[in-house]
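Working notes for the structure below.
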Amino acid sequence: MQEQYPGAFQPIRYHMSWPSPFDPFYLANPEEADARRTFYGVNYVPNLWYDGVSNPGAVVDNYETALLQRMEESSPLELSVEIENSYAAITANAVDELGGDFRLLTVLIENRAELGGKEYNEVMRSFVGGTRGTTLALNQGESYSTLLDFDVAPEWNADNLALVVFAQLVQGKEVLQCASTAIAFDTPKLQLGEVSVDDSAAGDNDQRLEGGESAEIVLSLTNLEPWADAAGVQITLSTEDPSLTVTDGSGSIAAIGAGESGSNTSDPFAVAVAAGTEPHWALLHFVISANEGAFEREAEARILLGHPRVLLLDDDGGAESEDAYQAALDSLGVVYEQWDVAASGLPSGDFYDRAQEVIWFTGEVAGGGFDTADLALLQAAFDAGKGLYLSGQENGQGLSQMPLLSEVFGAECGGQGGSQVAEGEAGDPIGDGLALLLEHNPMTCETLVAVDGGVEMLHYLPGMQGAGVHNEVAGGKRAVLTAFDFSVVNETQRAGFMAPILEWLAQPTGVADGDGSGAGAPVAPATEFALWNAPNPFNPMTTISYALPVAGRVRLAVYSLRGELVATLVDAQQAPGRYSVSWFGRSQSGTAVASGVYLLNLEENGIRRGSRKIVLLK
């Protein structure tokens, strides 16, 4: 590179889609080439930019003159780029005033690249860190340094690759300085792979760490090509999770060749989980070194401790509608399992049995794609008392001929209809106060009608056709069905819609009182009033339990320490027994409340029977 272009400049070639969209140069990286075309405003060819500000046209002599003039000017920046431990190490020093904010961009280029039977130099292969780079504002005497990771495709010639870094003013696009370096692949590049748990010796052998268990942890690593072979790989494990103790934090792998993978199966880590640990994700920190310290990197991975109560059942036929559910649950702080039906079939055994709330979604699969096994599992989930939310574009139509639609969901299909707005029913425990924007085609909407005890919770505007139904039957079995897939709800509204659904589903009660307000037999008769919750502190959900030795009108509410009502959790006539409800740290209007101390108050027939402080920590 330096031999070809000594001194102070470095060409980078981007091809646009000309003379045809079949240009092999352009097709090598169309997305990033188009991003640069948009940046420069190039809409026709030939159109050759020099230094970001000059476009002399197609006359080569004009470029030569402009280049010679530019090389006589001094730059307000000193730039350097080097390869350190498979990273691009970049430094920018402001030796003079810069005249405005600038973008620091890094490009991986290939020389002597063969594209479409021709050989090219300075071919832009990829932008390291994105086509917009990093925007900086440096005063004279200030510096900036960074390390950027980058990938190399197998089809690129490793002997002819280089990195170019350049600084370009945000206003005016003038290039202030550039630097380049050839890439030497003389160290390994180890990438974190799967983290697996073996609890067969001191656990229940379900490959999941739970409270009171000990286990071995094995880490797999891949050494990327065309980097060097890795020898003497050493790994250390640590965590800041208070419920997880690392009893052996050292692991090793003898060697991992370029393009190969390896694991510390013969030298695993050892960990133990504290008894009583609530389900949550634990963050693991790894330090990986090889080749006597020539390579060293840090990496992180998460493992799930315990078995969460929420199961996210991905049955969308391989689409990616799960992203919407995950983001909503993550923003609520809800810990959940996920199961991909397309990859693993229907869940069964202990994994499924442990779930208490099931979110089953089918995305845009026509009619939900239900077969006999699906229907049996839906019915079994409901019969077992699992809170069930079924979401999909045409599930009502897919179940329209099945008794399950009315028996489980209290609904029947109302045919086509709907709109892009769904409003909640006033006073409904789920729908109250909701006005959802639905980002889908109204022509594909179906409608639902509440039957056999089902309750309409949402309706479309302006036609008022049913858009969502929930159902509760004797024994406290609860189910929710929406006429649309949850993923079409406006992104900003998803968490606010998911929260009341989960809160309503996660409200098992203790005894049946003959009118459908209870849920099963008590564990033991209650002989006195009692009130407790777990976990405490909590985030985002705590289960509040209470005992009633007599029948009465029960009111369970959450207050601030100033005595302000935050949320009413129970207000109903109840028989003697033991009961529990879940609180997701949300106000009566569905808004997430702040971290702090709150007061639980239990009343029976207007008489205070118990109070308790609970702590929400975010």
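Note that the coordinates shown come from a computational prediction; the quantities given were computed from them, not determined experimentally.
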Are any side-chain N or O atoms of D316 and backbone N or O atoms of G363, one a donor and one an acceptor, separated by less than 3.5 Å? no

Do V335 and V310 have side-chain heavy atoms sitting under 4.5 Å apart? no

Begin with the C-alpha distance, continue with both residues' side-chain angles, and end with the deciding distance and a verdict on side chain to side chain donor-acceptor pair (under 3.5 Å) for D485 and S487. CA-CA 5 Å; D485 188 74; S487 65; 2.4 Å; yes

Find out whether V615 and Y598 are in side-chain contact, i.e. whether some heavy atom of one side chain is under 4.5 Å from a heavy atom of the other. no

Salt bridge present between E337 and R208 (N-O < 4.0 angstrom): yes

Sequence-distant partners of R125, salt bridge (Lys or Arg N to Asp or Glu O under 4.0 Å), two or more places apart: E110

Could you tell me whether the side chain of E394 and the main chain of G367 form a donor-acceptor pair under 3.5 Å? yes

Consider only side-chain N and O atoms of Y14 and N29, and report whether a donor and an acceptor are under 3.5 Å apart. no

State, yes or no, whether a side-chain contact exists between V365 and D315 at a heavy-atom distance under 4.5 Å. no

Flag, side chain of W339 to backbone of G345, donor-acceptor distance under 3.5 Å: yes

Identify the residue among L437, L436, T482 that makes a side chain to side chain contact (heavy atoms under 4.5 Å, CB included) with V489. L436

Would you please test H307 and E210 for side chain to side chain donor-acceptor pair (under 3.5 Å) and show each step? CA-CA 8 Å; H307 294 274; E210 300 164 60; 3.2 Å; yes

Could you give all pairs that pass the ring-ring contact (aromatic ring centres under 6.0 Å, His included) test and reach residues 460-481, with sequence neighbours left out? H470-W504

Heavy-atom closest pair, residues D149 and V128: O-CG1, 3.4 Å

Taking the six-membered ring of F39, is NZ or CZ of R36 closer than 6.0 Å to its centre and within 45° of its axis? yes

Heavy-atom side-chain proximity of Q338 to Q326 below 4.5 angstrom: yes

Test log, rule salt bridge (charged side-chain N to carboxylate O under 4.0 Å, His left out), inputs D323 and R494: CA-CA 11 Å; D323 293 348; R494 290 170 186 163; over 6 Å; no

Report yes if some heavy atom in the side chain of T568 is under 4.5 Å from a heavy atom in the side chain of R555; otherwise report no. yes

Say whether, by atom type as modelled, one donor and one acceptor occur between the side chain of S391 and the main chain of F486 under 3.5 angstrom. yes

Counting N and O atoms only, with roles assigned by atom type, does the side chain of T542 sit under 3.5 Å from a partner on the main chain of F538, one being a donor and the other an acceptor? no

Looking only at atom types and distance, does a side-chain atom of K477 sit under 3.5 Å from a main-chain N or O of E472, one as donor and one as acceptor? no

Say you draw a straight line from CG of L600 to OH of Y559; how long is it, rounded to the nearest 0.5 Å? 10.5 Å

Stepwise side chain to side chain donor-acceptor pair (under 3.5 Å) test for Q397 and Q416: CA-CA 9 Å; Q397 297 177 51; Q416 295 296 114; 2.8 Å; yes

Heavy-atom closest pair (M498 atom, A328 atom, distance to 0.1 Å) is CB-CB, 4.4 Å

Check: N395 and F484 side chains under 4.5 Å, non-hydrogen atoms: no

With a 6.0 Å cut-off on the ring centroids, do F361 and Y325 count as close? yes

Donor-acceptor pair, side chain of S419 and main chain of L461, under 3.5 angstrom: yes

Please work out whether the ring planes of Y546 and Y579 are parallel, tilted or perpendicular, with thresholds of 30° and 60°. parallel

CG-CH2 distance between L304 and W281, expressed to the nearest 0.5 angstrom: 4.5 Å

Can you tell me if E300 has over 12 outside heavy atoms packed within less than 6.0 Å of its CD? yes

Student check: side-chain heavy atoms of M457 and V480 closer than 4.5 Å: yes

Side chain to side chain donor-acceptor pair (under 3.5 Å), that's the test. Do R478 and N471 meet it? Break it down for me. CA-CA 6 Å; R478 296 184 172 190; N471 188 37; over 6 Å; no

Just wondering, do I359 and L311 contact through their side chains at under 4.5 Å, heavy atoms? no

Closest non-hydrogen atom pair, K173 against Q168: O-NE2, 2.9 Å

Where the side chain of S406 meets the backbone of G410, is there a donor-acceptor pair that is under 3.5 Å apart? no

Check whether the side chains of T135 and D101 place a donor and an acceptor atom closer than 3.5 Å, and report yes or no. no

dist D374:CG -> L404:CG (nearest 0.5 Å) comes out at 11.0 Å

Hey, is the main chain of L284 close enough, under 3.5 Å, to the side chain of R302 for a donor-acceptor pair? no

Using only heavy-atom distances, determine whether the side chains of E425 and H459 contain a donor-acceptor pair under 3.5 Å. yes

Side-chain donor/acceptor of E446 to backbone N/O of G396, under 3.5 Å: yes

